[in-house]
Amino acid sequence: MKKESEFCSVIVKSLDIGYKIPDPTGMYAKTIKRCFDIMGAHHFDGFKEHLHPVYIEAKFNKTLSSFNLNRIEDHQAYYLSRFNDVVGAKCFVILGVYAGHGDTRAYVFDWNDLQPYYESGKSIYKKMLEKLPYNSVHKGVFVFDKIIYKEDIEKVMP
């Protein structure tokens, strides 16, 4: 995997219901901003009938390297925050990382807990990523087993 678009396909396939919001094209490409990359629904509690609405901004690193939270654009942060108000919704920023030799990782950050770090202009450095929980991508999908919350970030933040 070498591109964010490929990683978005992995995320969509990993959800119970997923849809990649297409990029604007043509004359709209410079004037319309997409709210985030993916929307869908997924179960997180083991019960298939309990689907939660899911809204995701995806980012991708071609190597295991720092994640500058400034890569999340202001309008993306705004919409993740607004959609987080939907009852039962889960909003995530998912960082895909190709760590080499077939090792692709999905770092699933809960937006509520990542937002304060985004607002203060922080980065998640490589040495911090190495200590955070991640979901391994196998055969083009991953399981949402490990979600990164505030407690996880606080453990690795200097």
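Scope of the values below: all heavy atoms of this structure, side chains included, with no hydrogens, waters or symmetry mates.
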Rounded to the nearest 0.5 Å, how far apart are [atom1] of [X] and [atom2] of [Y]?
| X | Y | atom1 | atom2 | answer |
| --- | --- | --- | --- | --- |
| Asp152 | Ile147 | CG | CD1 | 10.5 Å |
| Ser123 | Met128 | OG | CE | 8.5 Å |
| Lys62 | Lys2 | NZ | NZ | 9.0 Å |
| Leu51 | His43 | CG | NE2 | 8.0 Å |

Ignoring hydrogens, what is the shortest heavy-atom contact between [X] and [Y]? Give both atom names and the distance.
| X | Y | value |
| --- | --- | --- |
| Asn68 | Lys122 | OD1-O, 4.2 Å |
| Tyr55 | Ala89 | CE1-CB, 3.9 Å |
| Ser14 | Val141 | OG-CA, 3.4 Å |
| Tyr117 | Ser120 | O-OG, 3.2 Å |
| Leu80 | Glu57 | CD1-CB, 4.0 Å |
| Arg71 | Gln76 | O-OE1, 4.0 Å |

State yes or no: do [X] and [Y] share one hydrophobic cluster built from I, L, V, M, F, W and Y residues joined by side-chain heavy-atom distances below 4.5 Å, directly or via other members?
| X | Y | answer |
| --- | --- | --- |
| Phe92 | Val97 | no |
| Phe109 | Phe142 | no |
| Leu114 | Ile56 | no |
| Phe44 | Ile148 | no |
| Phe60 | Ile72 | no |

**Asked** If you draw a 6.0 Å radius around NZ in Lys150, do more than 12 non-hydrogen atoms from other residues or ligands fall strictly inside?
**Response** no
**Request:** Count the heavy atoms of every other residue, nucleotide or ligand shown that sit under 6.0 Å from OH of Tyr79, and state whether that count exceeds 12.
**Result:**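 At most 12 heavy atoms, drawn from other residues, nucleotides or ligands, come within 6.0 Å of this atom.
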Is the shortest side-chain heavy-atom distance between [X] and [Y] below 4.5 Å?
| X | Y | answer |
| --- | --- | --- |
| Lys146 | Val108 | no |
| Ile94 | Phe144 | yes |
| Leu132 | Tyr134 | no |

**Prompt:** Does anything in residues 81-108 pair up under side-chain hydrogen bond (donor to acceptor under 3.5 Å, both in side chains), and if so which pairs, sequence neighbours excluded?
**Reply:**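 Residue pairs with at least one partner in residues 81-108: Ser81-Trp111, Ser81-Gln115, Asn84-Asn112, Asp103-Arg105, Arg105-Tyr107.
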Expected output: side-chain [X] to main-chain [Y] donor-acceptor under 3.5 Å:
| X | Y | answer |
| --- | --- | --- |
| Asp113 | Tyr149 | no |
| Asn61 | Leu95 | no |
| His52 | His42 | no |
| Asn135 | Asp145 | yes |

**Asked** Listed by chain and number, what are the side chain to side chain contact (heavy atoms under 4.5 Å, CB included) partners of Ile21, not counting sequence neighbours?
**Response**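 By the side chain to side chain contact (heavy atoms under 4.5 Å, CB included) rule, Ile21 matches Tyr19, Arg34, Cys35, Phe36, Met39.
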